[in-house]
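All values derive from a computational prediction rather than experimental measurement.
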Amino acid sequence: MAALHQTAASLQAKLLPTIRISRTTPANLSFSATFPSRRLRLGHLRSQAATKMSTSAAGSYAAALAEVAASNDTLEVTSADVEKIESVFADPQLFDFFANPTIKVEKKLEVVDEIASSLSLQPHTENFLKILVDAKRIDIVKEIVTEFETVYNKLTNTELAVVSSVVELEEQHLTQIAKQVQKLSGAKNVRIKTQIDPSLVAGFTVRFGNSGSKLIDLSVKKQLEEIATQLDLGNIQLTV
């Protein structure tokens, strides 16, 4: 995470309007030899992905990236790249920069180079970001990240579990949670995502299943709510 924060900080200068960036053409935007030109690549991506996955633009692009990664046997490392991209684009200033239609494509491609270098992205992941910029679809990168996770989980029979807690849980506890989710879901693999939620008071919650439809709630907040219900104090707001 420290490296990601440093990357975000280093990109601040890239986003300042006072910096002059020369017009350059990206050296190579192709995913593989099957995409001989930029126009053909984009058409190929859209048509192939649309027939296999979601009809939405984000779903189509995510499916295309997963297909390229699977064909190159780099699905795992590409998934890690996507997580890095998610963290970087969580920066509102960076996201607004790429979503701004008044900023030239060449300038955005230069920032993509900076991101790829700082995060050590795979070449095809970097090229994918450039294709999004070139197609003026970088504004849906967050949706693509979400769709890619869904595609990845289906391809690898992986269950995503989102663990929310007041403080960061230790690795051994996360491992135990993963084993329990695996037992309940029957999935071959389990991926854990953690997030901090002070409103839980103490304890933790685990969401998994289709769109987080299943919940394991071991939080103190839940226990307090149950006590309040039993005592018929449902209208009282509990504050900590």
T158 side chain reached by Y152 side chain, heavy atoms, under 4.5 Å:
yes
Applying the 4.5 Å side-chain criterion to the ILVMFWY set and letting contacts propagate, would V105 and V141 be lumped into a single cluster?
yes
How many angstroms lie between CG in D96 and CG in N100, if you round to the nearest 0.5 Å?
8.0 Å
What I want to find out is whether E149 reaches K193 closely enough, with some N-O distance under 4.0 Å, to be called a salt bridge.
yes
Which atom pair, heavy atoms only, marks the closest approach of I138 to F98?
CG2-O, 3.3 Å
Is it the case that the side chain of S185 and the backbone of V181 share a donor-acceptor pair, with hydrogens and angles ignored and the cut-off at 3.5 Å?
yes
Flag yes if more than 12 heavy atoms outside Q172 fall under 6.0 Å of its CD atom; otherwise flag no.
yes
Write down the atom of A57, the atom of I140, and the distance for their closest heavy-atom approach.
CB-CD1, 3.9 Å
Judged by atom type as modelled, is there a donor-acceptor pair below 3.5 Å linking the side chain of S117 to the main-chain atoms of D113?
no
Give me the atom names and distance for the closest heavy-atom approach of K84 to S120.
NZ-O, 4.2 Å
Side-chain heavy atoms of L129 within contact of L121, under 4.5 Å
yes
Does the pair D81 and T125 meet the rule for a side-chain hydrogen bond (donor to acceptor under 3.5 Å, both in side chains), with working shown?
CA-CA 7 Å; D81 280 355; T125 307; 2.8 Å; yes
Can you name the closest pair of heavy atoms from L75 and A66 and give their distance?
CD1-O, 4.0 Å
Take T205 and L200, measure what side chain to side chain contact (heavy atoms under 4.5 Å, CB included) needs, and give me the verdict at the end.
CA-CA 8 Å; T205 65; L200 298 177; 3.9 Å; yes
Is it true that V88 and V77 fall in one hydrophobic cluster, defined by side-chain heavy atoms closer than 4.5 Å?
no
Is there a donor-acceptor pair closer than 3.5 Å between any side-chain N or O of D134 and the backbone N or O of K130?
no
Would a single hydrophobic cluster contain both I177 and V220, if residues Ile, Leu, Val, Met, Phe, Trp and Tyr are joined by side-chain heavy-atom contacts under 4.5 Å?
no
Grouping I, L, V, M, F, W and Y whenever their side-chain heavy atoms are under 4.5 Å apart, do L174 and V206 come out in a common cluster?
yes
Atom CG of L109 and atom NZ of K104: how far apart are they, to the nearest 0.5 Å?
13.0 Å
Are the side chains of T78 and V68 in touch, meaning some heavy atoms are under 4.5 Å apart?
no
Any side-chain heavy atom of S60 sitting closer than 4.5 Å to one from E147?
no
Side chain to side chain contact (heavy atoms under 4.5 Å, CB included) between S213 and R207, intermediate numbers included
CA-CA 7 Å; S213 58; R207 281 200 175 275; over 6 Å; no
Is it true that D197 and K221 have a side-chain N and a carboxylate O under 4.0 angstrom from each other?
no
Is there a path from L169 to L218 through hydrophobic residues (I, L, V, M, F, W, Y) whose side chains come within less than 4.5 Å of each other?
yes
Give a yes-or-no answer on whether the side chains of T74 and N72 include a donor-acceptor pair shorter than 3.5 Å.
no
What orientation do Y61 and F128 show, parallel under 30°, tilted 30 to 60°, or perpendicular over 60°?
perpendicular
Minimum heavy-atom distance between V190 and A178, given as atom pair plus value
CG2-O, 3.6 Å
Cationic tip of K142 within the cone over F89's six-membered ring, i.e. under 6.0 Å and within 45° of the normal?
no
Step by step, work out the side chain to side chain contact (heavy atoms under 4.5 Å, CB included) result for L155 and V151.
CA-CA 6 Å; L155 290 175; V151 176; 3.9 Å; yes
So which heavy atom on K108 is nearest to which on I103, and how close?
CE-O, 3.5 Å
Could you tell me whether the side chain of E159 and the main chain of G209 form a donor-acceptor pair under 3.5 Å?
yes
Note, V111 side chain near L94 side chain (heavy atom, < 4.5 Å):
yes
Reference residue F208; test side-chain contact (heavy atoms from CB on, under 4.5 Å); the match among I216, L160, V162
I216
